[in-house]
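Structure record follows, encoded as structure tokens.
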Amino acid sequence: MLPAALPFVFAILWASSYAAAKIGLADITPHAFVALRLAIAAAAAVAIVLGLRRSWQPIARRWPHLLVGGALAHGLALATAHKALMSVAATPTALVHAFHPILTATLGVLLLGETFRWWQWVGFALGLAGVVLGVPHDADFGVLTLLGLSLFGLSGGTLYLKRFAADVPPFEATAVQLIGGALLAIALTLLFETPHARLTPGLLGAMTWNVLFTSIGGMAIYNLMIDRYGAAKAASGFFIVPGASALIAWALLDERRPAVALIGLAAATVGVGLVWWRRPRAEK
């Protein structure tokens, strides 16, 4: 039961980050938001590892790869997505990230030798149908370019980490990845915007939530899934994100979505269940 619950817990945490970011971006520039979020999360993750007295030795030879993967999956993916959130609602942003499982599954099979059964591909098809049903696609070309870069960072970072930095403890891996993401986000902030912020309760709440529950907690779960179950199965949790994001955005931001979003969420949920379902050992 616990492994099957992991993608749903991750998806809810990730979905909530879109609404939280939308709230926080009212008071801070987007790249600066990501840079500050990842820097705080990196410091907190390192403090957690040190506080638990865990050894850094298991990642001694993997830290350069963890930095690169983190720069892609955290820095590039989040910086471009947050820039897009300045122009579009939270739910359409989640839609593009929902194509991450399709890309990751296909490339995982082709490049990493991961194996999928027929029912798992049926699950991906259901998940894709759920995305199309659940969230209308209404972003313009400029925003799509940003979200395309975000998708590239997310999928590319996931596959890179699976290829070059697998079999490492999730908390230690997350800490180093966050450092890589923070460094890239800081560079993007200095290159592409004049950062400014207003210290408000909304910004503090959004930053706290995204640091603790998404960048640290959510990504530790994601790294655990990549390590134990493969990049494609880990990415399947993103199918639930658009529907969950739509519900959260409706509750917190009053973003209105049609009832068909619930049908899409149900289809995506069934799809993830199929991706994670295993036949009894004798039938393998």
Side-chain angles (χ1 to χ4, degrees), residues 8-48 70-86 88-94 96-98 100 146-147 150-151 153-154 157-158 170-171 173-186 188-189 193 195-223 237-238 240-242 244-249 251-253 255:
F8 298 98
V9 175
F10 167 76
I12 292 172
L13 292 176
W14 192 275
S16 67
S17 72
Y18 293 98
K22 193 72 175 177
I23 294 171
L25 287 172
D27 300 303
I28 190 171
T29 50
H31 293 337
F33 183 99
V34 174
L36 185 58
R37 165 185 168 177
L38 294 180
I40 295 173
V46 170
I48 290 173
L72 291 171
H74 295 271
L76 180 61
L78 291 178
T80 49
H82 281 61
K83 182 71 173 179
L85 278 170
M86 299 295 291
V88 298
T91 306
T93 305
V96 176
H97 277 178
H100 166 52
L146 288 170
L147 292 176
S150 182
L151 178 61
L154 194 56
T158 296
F171 274 108
T174 300
V176 179
Q177 289 172 36
L178 288 169
I179 293 172
L183 291 174
L184 180 59
I186 291 171
L188 292 174
T189 302
E193 71 182 22
H196 63 83
R198 294 179 299 163
L199 194 60
T200 64
L203 176 57
L204 290 176
M207 186 68 69
T208 301
W209 180 269
N210 279 353
V211 166
L212 294 179
F213 293 100
T214 305
S215 289
I216 297 178
M219 291 311 297
I221 293 173
Y222 191 56
N223 285 323
F238 279 86
I240 311 172
V241 169
S245 178
L247 295 175
I248 294 170
L252 297 181
L253 305 175
E255 288 186 7

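Counting from 1, the numbers follow the sequence of the chain as shown.
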Report task. Hey, can you tell me if Trp14 and Tyr18 have their rings parallel, tilted or perpendicular (30° and 60° cut-offs)? Result ->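 Taking Tyr18 first and then Trp14, their aromatic rings stand perpendicular (interplane angle over 60°).
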If I compare all heavy atoms of [X] with all of [Y], which pair ends up nearest, and what's the gap?
{"X": "Ala185", "Y": "Leu38", "result": "CB-CD1, 4.4 Å"}
{"X": "Leu147", "Y": "Ala81", "result": "CD2-CA, 4.2 Å"}
{"X": "Ala175", "Y": "Ala42", "result": "O-CB, 4.4 Å"}
{"X": "Ala41", "Y": "Ser215", "result": "CB-CB, 3.6 Å"}
{"X": "Thr214", "Y": "Ser17", "result": "OG1-CB, 3.5 Å"}
{"X": "Gly218", "Y": "Phe10", "result": "O-CD1, 3.3 Å"}

If you round to the nearest 0.5 Å, how far is [atom2] of [Y] from [atom1] of [X]?
{"X": "Leu78", "Y": "Phe33", "atom1": "CG", "atom2": "CZ", "value": "9.5 Å"}
{"X": "Ile40", "Y": "Met207", "atom1": "CD1", "atom2": "CE", "value": "5.5 Å"}
{"X": "Leu76", "Y": "Leu151", "atom1": "CG", "atom2": "CG", "value": "10.5 Å"}
{"X": "Leu184", "Y": "Leu72", "atom1": "CG", "atom2": "CG", "value": "8.0 Å"}
{"X": "Lys22", "Y": "Met86", "atom1": "NZ", "atom2": "CE", "value": "8.0 Å"}
{"X": "Ile216", "Y": "Ile48", "atom1": "CD1", "atom2": "CD1", "value": "4.5 Å"}

Query - Residues that Leu183 engages under side-chain contact (heavy atoms from CB on, under 4.5 Å), provided they are two or more places apart - result: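 By the side-chain contact (heavy atoms from CB on, under 4.5 Å) rule, Leu183 matches Ile179.
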Report task. Identify, with sequence neighbours excluded, every residue that meets side-chain contact (heavy atoms from CB on, under 4.5 Å) alongside Ala32. Result ->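 Counting only residues at least two positions away or on another chain, Ala32 forms a side-chain contact (heavy atoms from CB on, under 4.5 Å) with Ile28, Thr29, Thr189, Glu193, Pro195.
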4.5 Å side-chain heavy-atom contact, [X] and [Y]:
{"X": "Leu85", "Y": "Pro30", "value": "no"}
{"X": "Ser16", "Y": "Trp209", "value": "yes"}
{"X": "Arg198", "Y": "Leu203", "value": "no"}

Query raised in the report: Are the side chain of Lys83 and the backbone of His31 linked by a donor-acceptor contact shorter than 3.5 Å?
Result: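 Checked: no pair found.
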